[in-house]
Amino acid sequence: MFKGALPGFRDFYPQELAERAYVMTTWREVARRYAFVEYDGPPLEPLELYTRKSGDEIVGQLYNFVDKGDREVALRPEMTPTVARMVAARANALRKPVRWFSMPQLFRYERQQKGRLREHFQLNVDIFGSSDVAADAELAACAVDIMRAFGLTSRDVVVRVSDRRLLHAYLSSLGVPDSAIEGVHQVIDKLQRTPHDVSAERLRALDVPAEAVEQIVHIAELTLDEIRSRLTGSAAENAEEFARYMEYVAVLLGGDDSWLSLDLSIVRGLAYYTGIVFELFDRSGEFRAICGGGRYDSLLASLGGADLPALGFGMGDVVLSELLRAKGLMRASVAGADVWIAAEESTPLTAVMAEAARRRADGQSVEYALRPQSLSKQKKAAQASGAREFVTLSNTDARHG
RNA sequence: GUGACUGUAGCUCAAUUGGUUAGAGCACCGGACUGUGGCUCCGGGGGUUGCGGGUUCAAUUCCCGUCAGUCACCCCA
């Protein structure tokens, strides 16, 4: 007995598929506004593509197996390695900056929970070959314009922005040793959902100076000026760049600066981020992150490809759809036919079929009752189907049909 | 992988401290009625109560296991 899809996988009935299509066409439409062009890659990749970047422990999170040719393979859990390979292979031939997007279905082997399944569709938007914060600003603005396209406002969603370099410089200014940075990142990443005293305890365990612990626990509330006042040299330049970034995003959003919020507690799990990183959240804090991304300038080189600066973001369909439904903004429904053709019960079915054929050849979407029925019955069926127009063949039509 | 809670029809739920043939609304199908925007009435299909054991004269109800779901942890593209 087959009952339901595999755990963490979804059946898309027509209504759900309509919603998915609505989300994906909106993604595509906004991405094109920003002159990103679409690409795709294989859903199945060599396992090594992921272990080389993330180490063997990642295998536990992957849908992987050995194929009939004895190859270790995995369903793609993310798009970045694939696109990095594709760009690297033609790095010299591609016009820079490369502005690409994709909407792959991604897979992850782990127990499902709210907003996180074993399979989802994710918009990936990336820029390769630009090291200026203008590129970072384009990404953030694009993500925000997607929110706008769905009818969401800055009262619904906030973009929390951080910068790996600023964070590192700030932590250094507090006396945090480089050896502790990674551990401190992990604590900071969990600040929002961890009691302060627990975070403080973890920080002390990492040999963070006592006076720095209190500062780090409240790191999310820092303003750019407060951070800037502690920095000198190249770090101070980073702060200036960050200010320019914020200005660019506001301009790209038509002068609206209400979306972005500096928040150094935004770390992003991935170690490969090197600069500005950001995440989109619903303001109420009810859902997981809607979107996340940032700059990963050294990733392409580390994967053995071209040494191109790179940045990008990913936005999954699961959390976004949950949010849209909660806000009453999921504007998707199954489309009915253009026209429903009815006829008296005594009319031969072939007359209706002939009319349907004529209209279908003309490009119309046509439905009709597949057996003779009373007109009232047909009318009800037509209404239930959502057909936009209801036409009744007269007996004259039928004869001419 | 760990833990907590949950599991009756497609959906939302019901079934008196364990007690006859597990019910209802919605949905679906059929029919009737109404010359109109999904009205009303009649009828119908659909459940080995997630699955497998156990206790009992008797289990939807109690116990164990398993599977699945929800939430959290781990992890986070």
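Small disclaimer: the values here were computed from a predicted structure and weren't measured. To find a chain, count down the sequence lines: A is the first, B the second, and so on, and within it residues start at 1.
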| query | Crowded around A/Asp207 CG? As in, over 12 foreign heavy atoms under 6.0 Å? | reply | no
| remark: Heavy-atom contacts, protein to nucleotides 35-47 of chain B, under 4.0 Å, summarised as B (base), S (sugar-phosphate only) or - (none) per nt, yield ---BBB-------
| request: Could you verify whether a donor N or O on one side chain and an acceptor N or O on the other, from A/Thr82 and A/Glu45, lie under 3.5 Å apart? | output: yes
| message | Quick check for you: among B/A77, B/G30, B/C75, whose closest atom lies nearest to any side-chain atom of A/Gln61? | response | B/C75
| said: Given the ring of A/Phe281, does A/Arg160 sit roughly above its face, with NZ or CZ under 6.0 Å from the centre of the six-membered ring and within 45° of the axis? | reply: yes
Anything under 3.5 Å between a protein N or O and an N or O of nucleotides 69-73 of chain B, put it in a table, one pair a line.
residue : atom : partner  : partner atom : Å
B/G69   : OP1  : A/Gln112 : NE2          : 2.7
B/U70   : OP2  : A/Gln112 : OE1          : 3.2
B/U70   : OP2  : A/Gln112 : NE2          : 3.3
B/C71   : OP2  : A/Lys114 : N            : 2.8

| query | Side-chain donor-acceptor pair under 3.5 Å between A/Asp256 and A/Ser258, yes or no? | reply | yes
| field | B/U6 versus B/C13 - spacing of their C1' atoms, nearest Å | value | 15 Å
| query | Nearest-Å distance, CG (A/Leu49) to P (B/A77)? | reply | 16 Å
| request: Report the nucleotide, chosen from B/C76, B/G30, B/C33, that has the shortest atom-to-atom distance to any side-chain atom of A/Ser376. | output: B/C33
| task | Report which part of the nucleic acid A/Arg371 touches: base, sugar-phosphate, or nothing (heavy-atom distance under 4.0 Å, all strands). | result | sugar-phosphate
| field | Base-paired stems in RNA chain B, each at least three Watson-Crick or G-U pairs under 3.5 Å | value | B:1-7 with B:67-73, B:10-13 with B:23-26, B:28-32 with B:40-44, B:50-54 with B:62-66
| field | Single hit among A/Asp263, A/Ile219, A/Leu264, A/Val267 for side chain to side chain contact (heavy atoms under 4.5 Å, CB included) with A/Leu191 | value | A/Ile219
| request: For A/Gln378 and B/G31, give me the distance from atom CD to atom P, rounded to whole Å. | output: 12 Å
| message | What I'd like to find out is whether the side chain of A/Met103 reaches to under 4.5 Å of the side chain of A/Glu38, using heavy atoms alone. | response | yes
| C1' atoms of B/G43 and B/G37, separation to the nearest Å | 26 Å
| request: Apply side chain to side chain contact (heavy atoms under 4.5 Å, CB included) to A/Asp132 and list each qualifying residue two or more places apart in sequence or on a separate chain. | output: A/Ser130, A/Ala134, A/Arg244, A/Tyr248
| field | Value in whole Å for how far the C1' atom of B/C76 lies from CD of A/Glu279 | value | 10 Å
| field | Beyond-backbone contact of A/Met330 with A/Ser321, side-chain heavy atoms, under 4.5 angstrom | value | yes
Which atom pairs, one a donor and one an acceptor, fall under 3.5 Å between side chains of residues 87-100 of chain A and the rest of the protein, sequence neighbours left out?
residue : atom : partner  : partner atom : Å
A/Lys96 : NZ   : A/Ala91  : O            : 2.3
A/Lys96 : NZ   : A/Leu94  : O            : 2.8
A/Arg99 : NE   : A/Tyr34  : O            : 3.3
A/Arg99 : NH1  : A/Glu138 : OE1          : 3.3
A/Arg99 : NH2  : A/Tyr34  : O            : 2.8
A/Arg99 : NH2  : A/Glu138 : OE1          : 2.4

| With distance as the sole criterion, is a donor-acceptor pair present between the side chains of A/Glu19 and A/Gln15 under 3.5 Å? | yes
What donor-acceptor contacts under 3.5 angstrom involve side-chain atoms of residues 303-316 of chain A, with partners at least two apart or in another chain?
none

| field | Any donor-acceptor N/O pair under 3.5 Å between B/C76 base and A/Arg116 side chain | value | yes
| said: Cation-pi check for A/Tyr109 against A/Arg118: NZ or CZ below 6.0 Å from the six-membered ring centre and within 45 degrees of the axis, yes or no? | reply: yes
| Expressed in angstrom and rounded to an integer, what is the separation of A/His185 atom NE2 from B/C76 atom P? | 13 Å
| remark: When rounded to whole Å, the CD to P distance for the pair A/Gln373 and B/C29 reads 10 Å
| note | Taken to the nearest whole Å, CG/A/Leu370 to P/B/G30 is 11 Å
| Euclidean distance, atom CD of residue A/Glu345 to atom C1' of B/G31 [Å, nearest integer] | 12 Å
